[in-house]
Structure formats: structure tokens, C-alpha cells
Peer 1: 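Have a look at this one.
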2 protein chains.
Amino acid sequence: MNIGDVASQTGLPAKTIRYYEDISLIKPLRDDNGYRRFREQDVHKLNFLGRARALGFTIEDCRTLMALYEDETRASADVKKVARAHLAQIEAKIADLNAMRDTLGHLIDACAGDDRPDCPILQDLGGKP
Amino acid sequence: MNIGDVASQTGLPAKTIRYYEDISLIKPLRDDNGYRRFREQDVHKLNFLGRARALGFTIEDCRTLMALYEDETRASADVKKVARAHLAQIEAKIADLNAMRDTLGHLIDACAGDDRPDCPILQDLGGKP
DNA sequence: CCTTGACCTTCCTGTGACTGGAACCCTCAT
DNA sequence: ATGAGGGTTCCAGTCACAGGAAGGTCAAGG
């Protein structure tokens with residue numbers, strides 16, 4: 001399989017797949033013409049990576065998770081640890097964004113949004129006393 | 001005022017303040033020795049920027065908001081439009097993160113987290129059929 | 001045989017909003 | 001004179017790619 005086929009099968013852009021090879025997440029073979037040749041295991045890995053990335057894991061987390069995936073003697077505790085750390089990050093981010101949303105939502109509600117210059121949003125940003 | 005004083009007054013790192021000058025968000029004066037000299041208005045702008053950034057506005061949004069802030073003939077509708085677009089982005093991000101949190105949360109709950117290799121998290125990432 | 005178009009390759013640059021660090025200058029107190 | 005603690009510029013790195021240029025490869029059609 002060439003990169004285009006793999007791209008449409010996995011839903012990952014070819015650019016991304018090349019990048020993953022660059023950083024050694026996958027190691028496809030090469031044909032005589034220099035084209036990458038992907039085996040089933042490569043496609044499987046790419047699907048794994050796509051799902052892990054969709055859950056927001058960093059590339060380094062993905063590397064760790066893939067190593068655990070391929071290690072038959074792994075302890076599920078190690079996987080869970082990585083996942084929990086990531087979940088904590090997600091929850092922190094959500095809390096930040098919720099705070100922003102609340103503040104911004106109130107300001108927007110208070111703003112007339114007409115052609116006059118008075119604006120609680122700018123007043124707040126300007127440090128309304 | 002020198003950059004260090006402004007940094008501690010605004011809570012912004014000196015690096016960030018220099019960067020904001022680089023991209024022309026602020027234009028402090030210069031002393032004969034080459035040091036930046038910040039006026040009250042510069043500090044005020046930096047506080048504005050700090051608050052806008054804390055609400056998650058991009059630098060380009062900040063530029064727009066500052067221009068509106070300084071334009072006495074602005075229409076509050078223009079401000080509100082920028083804010084609402086940003087709010088929509090925040091809410092989209094929150095939705096994404098909530099989905100991740102839910103999926104990841106379920107997987108973590110299902111994982112024993114002991115020294116055995118069986119792991120629903122990896123099974124899911126591997127595409128458990 | 002030639003061309004066309006769809007693939008593929010590598011390499012370089014840019015993104016956003018900074019952060020870290022090197023190498024150097026200024027000022028004041030000891 | 002020296003040292004500490006400011007300041008300055010400039011360059012590189014971050015993260016996970018995306019865009020684009022310049023060129024090689026392959027199958028089909030004329």
C-alpha cells in the first residue's frame with residue numbers, strides 16, 4: 001500500500017503520516033522507486049495513533065502508549081497512569097475554559113451591541129474601577 | 001519606568017512585554033542608554049492585553065480590541081461581534097474536551113490498573129472490534 | 001513514443017505566543 | 001576594581017503539523 005491509500009484508510013493526511021515516520025513512530029518499508037510501502041501493522045499503528053491523538057494525547061504520550069501496547073508484559077497500571085495524568089490536564093483545561101466562558105458570557109450579555117461606543121466588555125478589559 | 005517594574009506591576013514576564021513591542025502592540029519610549037521607558041499609558045495597555053489574553057483572545061483579537069478601545073467613535077456591536085466569535089470558539093473547544101474527558105473517563109474506570117497486561121484503554125486505542 | 005495527470009519524493013518555511021539562553025552593556029555599591 | 005543586578009539584542013526551540021516548490025514515477029491514451 002502506498003501513502004495515499006493509507007491516508008484514505010486511516011483518515012490521516014499524508015503529511016501527518018510522513019511526519020510520524022520522521023519522528024520514528026512508524027517505520028514503513030520502501031519500494032525500489034523510493035515510495036513508502038505500508039504493511040498491515042503500519043496501518044494498524046496509524047489507526048492507534050489517530051485514536052490516541054483524537055483523545056488529545058501528546059505525541060510523546062502516544063509513543064509511550066504504543067510501546068505499552070506492544071509490550072505483552074506491561075502492567076495496566078502503567079497505562080492507567082498515563083491516561084489519568086492526561087485526564088487531569090483535560091479537566092484543568094476545561095476548568096480554565098469554563099471560567100473564560102462564564103466571564104465572557106456575562107460581559108457579552110451586558111453589552112448592548114448597538115452603534116453606540118459604551119461597552120462593558122472594553123470597560124472590563126480596561127480595568128473598570 | 002523600566003521593564004522590570006512594569007513586569008512586576010502588570011504580572012507579565014519581561015520577555016512577553018518585549019515581544020508585544022516587537023509586534024507593535026505597544027510602543028514604549030527609549031532612554032539614552034537604550035532602555036525602554038514605559039509611560040502610564042503603556043502600562044495601561046499592557047494590563048488591557050493581559051486581561052484580554054487571560055480571556056483567551058488571540059493576539060490579533062487583542063489588536064482589534066485595543067483599536068476599538070481607543071476609538072471613541074466605535075460601535076459596541078463591533079466589540080460584541082469579536083467577543084461572540086471568541087466565545088463560540090471557547091464553547092467548541094469545551095465540547096471537544098468534554099467528549100475526550102467522557103471517553104477517557106470511562107476507559108480509565110474500566111481499567112484495573114494492576115500488574116496484569118489486560119487493559120481496556122489499549123484495547124480501545126487498538127480498535128477493539 | 002510521447003504526453004498527460006495523478007501520484008510520490010525531499011526539503012524548506014511558517015504557524016502562535018511565547019520561553020530559554022548566549023553575549024554583551026549600564027549603573028551603583030562596596 | 002569588582003561584583004551584583006538591572007538592561008539590551010538576537011537566535012533557537014517549542015508542538016504537531018500544513019503549505020508549497022522542485023522534481024521523480026507510473027499507468028493510460030493518442
Side-chain angles (χ1 to χ4, degrees), chain A residues 1-38 42-43 45-46 48-66 85-86 89-90 92-93 96-97 100, chain B residues 1-38 42-43 45-46 48-66 82 85-86 89-90 93 96-97 100:
Chain A
M1 274 170 99
N2 284 346
I3 200 168
D5 308 315
V6 178
S8 50
Q9 247 195 57
T10 60
L12 297 172
K15 281 268 182 190
T16 298
I17 297 173
R18 290 196 195 97
Y19 173 67
Y20 288 171
E21 185 192 17
D22 245 38
I23 61 174
S24 303
L25 279 175
I26 52 168
K27 302 192 195 308
L29 304 174
R30 293 291 179 138
D31 282 339
D32 290 343
N33 57 15
Y35 287 20
R36 289 170 183 79
R37 187 158 56 80
F38 294 85
D42 297 317
V43 177
K45 277 193 186 187
L46 285 169
F48 183 100
L49 290 169
R51 276 185 285 262
R53 291 288 299 128
L55 284 179
F57 285 105
T58 66
I59 292 284
E60 283 318 301
D61 278 347
C62 290
R63 204 187 293 279
T64 304
L65 291 172
M66 282 247 307
H86 178 48
Q89 299 253 22
I90 288 177
K93 191 83 193 160
D96 282 359
L97 288 172
M100 289 181 197
Chain B
M1 275 169 99
N2 285 345
I3 200 167
D5 308 315
V6 178
S8 49
Q9 248 195 57
T10 60
L12 297 172
K15 281 269 182 188
T16 298
I17 297 172
R18 290 196 194 97
Y19 173 66
Y20 286 172
E21 186 192 16
D22 246 37
I23 61 175
S24 302
L25 279 175
I26 52 169
K27 303 193 196 306
L29 305 174
R30 293 291 178 139
D31 282 340
D32 291 342
N33 57 13
Y35 286 20
R36 289 170 183 81
R37 186 158 55 80
F38 294 84
D42 297 317
V43 177
K45 278 192 186 189
L46 286 170
F48 183 101
L49 290 169
R51 276 185 285 262
R53 291 288 299 129
L55 283 178
F57 284 105
T58 66
I59 291 286
E60 283 319 301
D61 278 347
C62 290
R63 204 186 292 279
T64 304
L65 291 171
M66 281 245 308
V82 173
H86 178 47
Q89 299 254 22
I90 288 177
K93 191 84 193 156
D96 281 359
L97 289 172
M100 290 182 196

Peer 1: A:Lys15 has an atom NZ; how far is it from atom P of C:dT10, in whole Å?
Peer 2: 11 Å
Peer 1: Atom OH of A:Tyr35 to atom C1' of C:dT9: distance rounded to whole Å?
Peer 2: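 In whole Å, C:dT9 C1' lies 8 Å from A:Tyr35 OH.
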Peer 1: Tell me whether the OP1 or OP2 atom of C:dC8 has a side-chain N or O from A:Arg36 closer than 4.0 Å.
Peer 2: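 Checking A:Arg36 against C:dC8: no side-chain N or O falls below 4.0 Å of OP1 or OP2.
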Peer 1: Between C:dT9 atom C1' and A:Ile17 atom CD1, what is the distance in whole Å?
Peer 2: 15 Å
Peer 1: State which residue, out of A:Val43, A:Asp42, A:Asn2, fulfils the side-chain contact (heavy atoms from CB on, under 4.5 Å) condition with A:Pro28.
Peer 2: A:Asp42
Peer 1: May I ask you to say what A:Tyr20 touches in the nucleic acid, namely base, sugar-phosphate or nothing, with a heavy-atom cut-off under 4.0 Å?
Peer 2: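 Sugar-phosphate, backbone atoms only, no base.
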Peer 1: For A:Thr16 and D:dA18, is the shortest distance between a side-chain N/O and OP1 or OP2 below 4.0 Å?
Peer 2: yes
Peer 1: Report yes if a side-chain nitrogen or oxygen of B:Arg18 is closer than 4.0 Å to either non-bridging phosphate oxygen (OP1 or OP2) of D:dT8; otherwise report no.
Peer 2: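 Answer is yes, contact under 4.0 Å.
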Peer 1: Return the value, rounded to whole Å, for the distance between atom CG of B:Asp22 and atom P of C:dG16.
Peer 2: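 Distance check: B:Asp22 CG to C:dG16 P gives 15 Å.
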Peer 1: Distance-only, no hydrogens or angles: does the B:His86 side chain make a donor-acceptor pair with backbone N or O of B:Leu55 under 3.5 Å?
Peer 2: yes
Peer 1: By nearest nucleotide on DNA chain C, pick out whichever of B:Asn33 and B:Arg53 is the more 5' one.
Peer 2: B:Arg53
Peer 1: Starting at CD1 of A:Ile23 and ending at P of D:dC17, how long is that distance when rounded to a whole Å?
Peer 2: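 Distance check: A:Ile23 CD1 to D:dC17 P gives 8 Å.
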Peer 1: Tell me the interatomic distance from B:Arg30, atom CZ, to C:dC26, atom P, rounded to whole angstroms.
Peer 2: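 Rounded to whole Å, this separation is 14 Å.
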Peer 1: Considering only heavy atoms from C-beta outward, does the side chain of B:Thr58 approach that of B:Arg63 to under 4.5 Å?
Peer 2: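 They are not in contact (no side-chain heavy atoms under 4.5 Å apart), so the answer is no.
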Peer 1: Minimum heavy-atom separation for A:Leu12 and A:Leu46, please, with both atom names.
Peer 2: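 Heavy atoms of A:Leu12 and A:Leu46 come nearest at CD1-O, 3.6 Å.
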Peer 1: Just how far, in rounded Å, is C1' of D:dG6 from CZ of B:Phe38?
Peer 2: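 Nearest whole value for this atom pair: 14 Å.
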Peer 1: Mind calculating the distance between CG (B:Asn2) and P (D:dT8) to the nearest angstrom?
Peer 2: 7 Å
